[in-house]
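Have a look at the structure below before the remarks.
Within every chain, numbering begins at 1; the chains are lettered A, B, ... in the order of the sequence lines, protein sequences first and strands thereafter. Heavy-atom basis, side chains included; hydrogens, waters and symmetry copies ignored.
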Amino acid sequence: MALLHRVNRAKSLSSLLRPLTTAHNHLHRPFSTDSSKTLTIETSIPYKSHIIEPPSRSVETTPAELMDYFRTMALMRRMEIASDSLYKAKLIRGFCHLYDGQEAVAVGMEAAITKKDNIITAYRDHCIYLARGGSLVSAFAELMGRRDGCSKGKGGSMHFYKKDSGFFGGHGIVGAQVPLGVGLAFAQKYKKEDTVSFALYGDGAANQGQLFEALNMAALWDLPAILVCENNHYGMGTAEWRAAKSPAYYKRGDYVPGLKVDGMDVLAVKQACQFAKEYVLKNGPIILEMDTYRYHGHSMSDPGSTYRTRDEISGIRQERDPIERVRKLILAHDIAVEKDLKDIEKEVRKEVDEAIAKAKESPMPENSDLFTNIYVKGYGAESFGADRKVLRTALP
Amino acid sequence: MMNVLRDIGRGRGIGIGRNGREIGRGIARGIASCSSSSSSPSLLSSLSPSPPGPPPPINENENENQGGDVKSMNLFSAINQALHIALDSDPRAYVFGEDVSFGGVFRCTIGLTQRFGRNRVFNTPLCEQGIVGFGIGLAAMGNRAIAEIQFADYIYPAFDQIVNEAAKFRYRSGNQFNCGGLTIRAPYGAVGHGGHYHSQSPEAFFCHVPGIKVVVPRSPQQAKGLLLSSVRDPNPVVFFEPKSLYRVAVEKVPASDYMLPLSRAEVMREGSDITLVGWGAQLSVMEEACIEAEKDGISCELIDLRTLIPWDKDTVEASVRKTGRLLISHEAPVTGGFGAEIAASVVERCFLRLEAPIARICGFDTPFPLVFEPFYLPTKNKILDAIKSTVNY
Ligand SMILES: Cc1ncc(C[n+]2csc(CCOP(=O)(O)OP(=O)(O)O)c2C)c(N)n1
Ligand SMILES: [Mg+2]
């Protein structure tokens, strides 16, 4: 399987973690002193491309940025682990899909764009929400169905949204969000604000017909749409090769160019997303296939170990983990020492625990909220009466 | 709560050939052999392209077990057994859908690939519109295409294929073609905390479509017989399975190959004061309400509609003529639900006999909610209240 190839190949990568330019060093904690100097780091592996010249493998970053990536990804990882426990404690109900393993996609993408750009995704949405600036408290409150949740407790795990930073959420029907993303991109092009839309979907979703309809429209009208296939190699229990004649998702746009990106390498993701943003503003859509991995099962009822081997999972943890990769970079460049990073992980853990405690204080929504937000108040139907059975059409 | 996926992947190793090549060939072979096959049972012959033949044998005396083996089993096992029989008794039957060769998320298709091979039981990609369209084509070649849609909530991407292609194929081709061998199975209904996209009851949408049948079983024994009838019925059938009962409902089920009649309602409980009509999982809630009402001296007649279209108006009418009152209950939103159709028909037929307005205890007119589910559902107490107020009208 391609997946395992990657694991093996990754073994020879440790040398790449060494700096390319060596404008650094001596300082043990340059993090505070020289945090904005430019580092150039090579991506884990070259990009693969389809009818387009790929971007350079050399990515510019700074110590501050690397520390930030480390912290954000550690926070996401911790949030997902905590969600797992909350689910087992029955404080989170419903269907819940965790993102641990895929953090570099959310973080790298966000690093390349602004909050005026849009992101739309499926149900595996917790970490995208965090990346877009969502708070831990509103995330946990939503997970637990509380009023202070980012969807007022009405959405739950699968339906996170954040309008003020262009996060169009959290969709339940596999593939349905992609044409929506293309519509968002059309509106952006019309406004001439040089912003773009990222429409995320999985390797399973890549086989839905809607994807191809969306792609054609985007290409036909040169829309600034970036289709991001988060290829974690499984759609539920189905390995990609069982479901797709060609699992080279970056090539499946045919007439639309594509890039295959190591989605476990946050810098590679950032570079690809910057490149894609520039490209689509001038030329119309592109596909980015992010080669990534989910550590958890598909959802909370899937142990995630029946359709793949434990060796596969632990191999990826050891060789390709996105957080470990950044940790190694930070250490290799003497940006911080091991203890600093451990401290950050402790802080993050505390932050998560505090957010959960706070979210638990938030009340459940009122039963009457069942009837709100179906239509615009005063412009639809209203139900009332003791048993809510009387339905009246409301006209403005 | 269901263990979605718990057993997915069991079938690793039996897997379909890489890139699905074998699957492709298998299907081609299947079609070739079936279109030339003459060994098919007579009930198949009502499917085109073969000439029409005698209707399938149906067990009219359904409650009478003809002395065969009987085993206690739950709903998913009963469905699984029906699928085994369907595939075993008909070489032209196929089962396919998302992850079905691993047993499916609810285990309904467990063991089928091992038994019948990956050319007859196979996983499809994640593409509902494609799954149903493919099934129509497969059925149009004279096969039994048994498609699984993982959750009824995901049947909507296939809505067009069902409504525009499957339902009208026979009509618009002047009976040259049909997809009568198509059966679409989909788990429906509330499960406790399924939320917006794992809980819906979409049956009413399909009841607006002449040319298909809609069937909903309430229990293991019913499910097996009704599913076999649906698979063998010469019309396309949408078969909704109450997923909350997959593991919970256990009943004695005959091991034999038996069918229960479509379009025939069943009086589950006789009574004289009020008629209650429902289907699927809601019947157990209604039954509890009947038992409670009885303590208050109200005698309820409970009817399982079983087939929603074409439905058994006569049984419902006869009951309402006897009781003079009617209550209908379903999980789907009340407005435009199938309860509305039943109410309208009963008013047409029994207007002068009705002693109270027809009560509909259904889901509210809201999307299916996550945290509000207990409040949304038509619970026993809501039904009981309505029974009392209808009887005391
Ligand atoms: C239309 C539709 N069909 C089926 C499902 C059930 N389902 C939810 S997620 C999923 C697998 C999707 O896999 P992929 O696109 O690879 O995304 P991932 O879960 O790996 O992030 C399936 C089959 C659904 N939500 N919507
Ligand atoms: Mg996937």
Assess whether side chain to side chain contact (heavy atoms under 4.5 Å, CB included) is satisfied between B:Phe364 and A:Leu370, documenting all intermediate values. CA-CA 9 Å; B:Phe364 290 122; A:Leu370 169 61; 3.6 Å; yes
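What you find for A:Asn367 and B:Phe375 is that their closest heavy atoms are O-CE2, 3.4 Å. Nearest heavy atoms, B:Tyr154 versus A:Ile173: CD2-CD1, 3.5 Å. The nearest pair of heavy atoms linking B:Phe372 to A:Glu366 is CE2-O, 3.1 Å. Across A:Met364 and B:Val371, no two heavy atoms sit closer than the pair CE-CG1, 4.2 Å. Shortest non-hydrogen contact noted between B:Asp99 and A:Gly235 is OD2-O, 4.4 Å.
The CG atom of B:Asn123 sits 12.0 Å away from atom CE of A:Met236, with the distance rounded to the nearest 0.5 Å. Annotation: the span from A:Ile374 atom CD1 to B:Asp365 atom CG amounts to 8.0 Å, rounded to 0.5 Å. In this structure, NE2 on B:His198 lies 7.5 Å from OG on A:Ser299, to the nearest 0.5 angstrom.
Residues A:Gln210 and B:Gln129 form no side-chain contact, since every pair of their non-hydrogen atoms from C-beta on lies 4.5 Å or further apart. Side-chain contact check for A:Arg242 versus B:Phe102: some heavy-atom pair is nearer than 4.5 Å.
Neither the backbone nor the side chain of A:Asn373 comes within less than 4.5 Å of any heavy atom of chain B. Neither the backbone nor the side chain of B:Tyr156 comes within less than 4.5 Å of any heavy atom of chain A. In this structure, chain B has no heavy atom under 4.5 Å from any part of A:Ala176. B:Thr335 touches chain A through its side chain: at least one heavy atom from C-beta onward sits under 4.5 Å away, while N, CA, C and O do not.
Contacts of A:Tyr295 classified as side chain to side chain contact (heavy atoms under 4.5 Å, CB included), with partners at least two apart in sequence or in another chain: A:Arg77, A:Asp100, A:Met264, A:Tyr293, A:Ile313, A:Ile316, A:Arg317, A:Asp321, A:Pro322.
Listed by first and then second residue, the side chain to side chain donor-acceptor pair (under 3.5 Å) pairs that reach into residues 380-393 of chain B are B:Asp296-B:Lys388, sequence neighbours excluded. Among pairs with a residue in residues 122-137 of chain B, none fulfils salt bridge (charged side-chain N to carboxylate O under 4.0 Å, His left out), at least two apart in sequence or across chains.
Contacts with chain B (heavy atom to heavy atom, under 4.5 Å) involve these residues of residues 146-161 of chain A, listed by number: A:Gly153, A:Lys154, A:Gly155, A:Gly156, A:Met158, A:His159.
Atom CZ of A:Phe371 is surrounded by more than 12 heavy atoms from other residues, nucleotides or ligands within 6.0 Å.
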